[in-house]
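Written below as structure tokens is the structure these notes are about.
Predicted model only: the values in this text are computed from it and were never measured.
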There are 2 protein chains.
Amino acid sequence: MKPKDQTEKDNAKDTAYEQLARIGKAMAGPGRLKILDILRNGPRTVESLAEEAEMGVANVSRHLQVLRGAGMVDSEKKGLYVTYRVADAHVCEFFSAMCRLAEARLAEFEKIVSRFADGSEAMESVDREALVNRLEKGEIIVIDVRPEPEYRAGHIPGAVSIPAEEMASRLAELPQEKEIVAYCRGPYCLLASRAVEVLRENGYAARRMREGIPEWRAFGMPVASGEHQHETL
Amino acid sequence: MKPKDQTEKDNAKDTAYEQLARIGKAMAGPGRLKILDILRNGPRTVESLAEEAEMGVANVSRHLQVLRGAGMVDSEKKGLYVTYRVADAHVCEFFSAMCRLAEARLAEFEKIVSRFADGSEAMESVDREALVNRLEKGEIIVIDVRPEPEYRAGHIPGAVSIPAEEMASRLAELPQEKEIVAYCRGPYCLLASRAVEVLRENGYAARRMREGIPEWRAFGMPVASGEHQHETL
DNA sequence: CAAGTATTCAATTGATTTGTAAAATATATC
DNA sequence: GATATATTTTACAAATCAATTGAATACTTG
């Protein structure tokens, strides 16, 4: 702890770097990243986040304070529940930039992500317009395998909600003839690859779409919200 | 440490979130952010970084390992010296996204940045083309107040190098009649505002340009490198 | 007041930072 | 070549900071 001859400004607690570090700290653990990733898919209460992220409620609450301290999430109290959501678009852009950096520079990250690729990841940079087109024509079925709250908060128009957890028990709802495309939270979420695995084991022609709703939104694609109205497939 | 009934994948050390957190951790302290910010302005040796950032050499070396572990910097050994540089453009984009987020969402950050504004920050979103134009016509003088190694690594064509430290003692080189525009590492660096302060105290019409060379580059503006050839002002 | 949700508190445990000193690496000198 | 010198990395120890958990507290609704 040498005092040295620094000016007051330089070692003060209120440098720009100190402030930037608040954002860095907020991203410094897997727990908070997971929470933020879930939050990117729609607003959530503390309890539902805790369940989804498989963490204690107290712990999640603590993490959320840190995220709020870094300006990344906002909260709103409605009755008994406190709902958290990502603060604004800058947060999603920042998160994306972080993912792109990881994908470009971290070999381990690349390995983990490509492990989810399941062989035929031709869907990787699928033409989104074409996907929507084929879905509208009824040529394919698109399923949203995220937990239902996220589906309700926003999904690809025409997509069906079948949470990955329930996949195995709801196969009857899906016709064998059509090609099935599954998506989840994004390229780094494992829900869709799990679902595709189950589908393939049961003889379906299933593929995964890398992009999740946050990316879909960022591309300016349409997003529907609310319950699914049951039509025949 | 409850084992719970999680699948192997979920709590493994090799989740995507765990990898992303490496980047977050690398950005979790002001020290490493300062180092990275300096590095954005050009390659540097460990020792010169230590001096610039006012940190111990051993400490800087540690920080650099962490940054390299996060894929953000590369190093190259040349003789006695090890030269570090930012790994690729993704790093700069990520850093910018972080700054934009901070500016949009952290009140304290905003306050610190605007403190450097020095009143007449009309230069804030100056037309860059116009600046180059006026500089070419000799209507203004543009000075680069960063340490010389950074000037040499890349500067605005036609700008003169006068490190902020030497500002006070090199006033004689600057004619009183012309308007002076100073720039440094970017919006969150305090060098330029210090220099402008000194200039104003001595009767100069001086202004600060918010953007630094990293931003200048990102905008696709031309960047010159090498020594300054002494012409008359 | 009772029940349910979220936050705070206290305590343990584990990481990170930083300075000093020593070790490793490369260069130059005798 | 051996030795001295300069740069960088590692090792170690002290201090600081962060994550997690269960218990206690606060807040809101019925």
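For A:E47 and D:dT28, the CD to C1' distance is 15 Å, given to the nearest whole Å. The CD-P distance, from B:E18 to C:dA15, rounds to 11 Å in whole Å. Whole-Å rounding puts the A:R62 CZ to D:dT20 C1' distance at 11 Å. With rounding to whole Å, B:L67 atom CG is found 10 Å from C:dT17 atom P. In this structure, A:L33 places its CG atom 11 Å from P of D:dA19, rounding to the nearest Å. One atom, CZ of B:R44, and another, C1' of D:dT8, lie 17 Å apart when rounded to the nearest Å. Atom CG in A:L64 sits roughly 15 Å away from atom C1' in D:dT20 (whole-Å rounding).
A close approach under 4.0 Å does not occur between any side-chain nitrogen or oxygen of A:H63 and OP1 or OP2 of D:dA18. Under 4.0 angstrom from either OP1 or OP2 of D:dA19 there lies at least one side-chain N or O belonging to A:R32. At least one side-chain nitrogen or oxygen of A:Q65 sits closer than 4.0 Å to the OP1 or OP2 atom of C:dT8. Listed pair B:Y84 / D:dT9 meets the phosphate criterion, a side-chain N or O lying under 4.0 Å from OP1 or OP2. Taking 4.0 angstrom as the limit, B:Y81 places none of its side-chain polar atoms (N or O) nearer than this to OP1 or OP2 of D:dT9. Contact between the side-chain N/O atoms of A:N59 and the OP1/OP2 oxygens of D:dA19 is not found at any separation under 4.0 Å.
Both A:L80 and B:K25 lie close to DNA chain C; mapped to their nearest nucleotides by heavy-atom distance, the more 5′-ward contact belongs to A:L80. Residue whose closest nucleotide on DNA chain D sits further toward the 5' end, between A:K77 and A:G31: A:G31.
Looking at heavy-atom distances under 4.0 Å, B:A58 makes contact with a base. Residue contacts for A:V57: at a heavy-atom cut-off of 4.0 Å it reaches a base atom on one of the strands shown.
Donor-acceptor pairing under 3.5 Å is recorded for the side chains of A:D144 and A:Y183. At a cut-off of 3.5 Å, with distance as the only test, no side-chain donor of B:Y81 or B:E47 sits close to an acceptor on the other residue. With no hydrogens or angles considered, no side-chain donor-acceptor pair links A:Q65 and A:R62 at under 3.5 Å.
A salt bridge is absent between B:D37 and B:K34; no separation between the charged side-chain nitrogens and carboxylate oxygens falls under 4.0 Å.
Each of B:R85, B:E150, B:E51 was evaluated against B:R44; a single residue qualifies, B:E150, per the side-chain contact (heavy atoms from CB on, under 4.5 Å) test.
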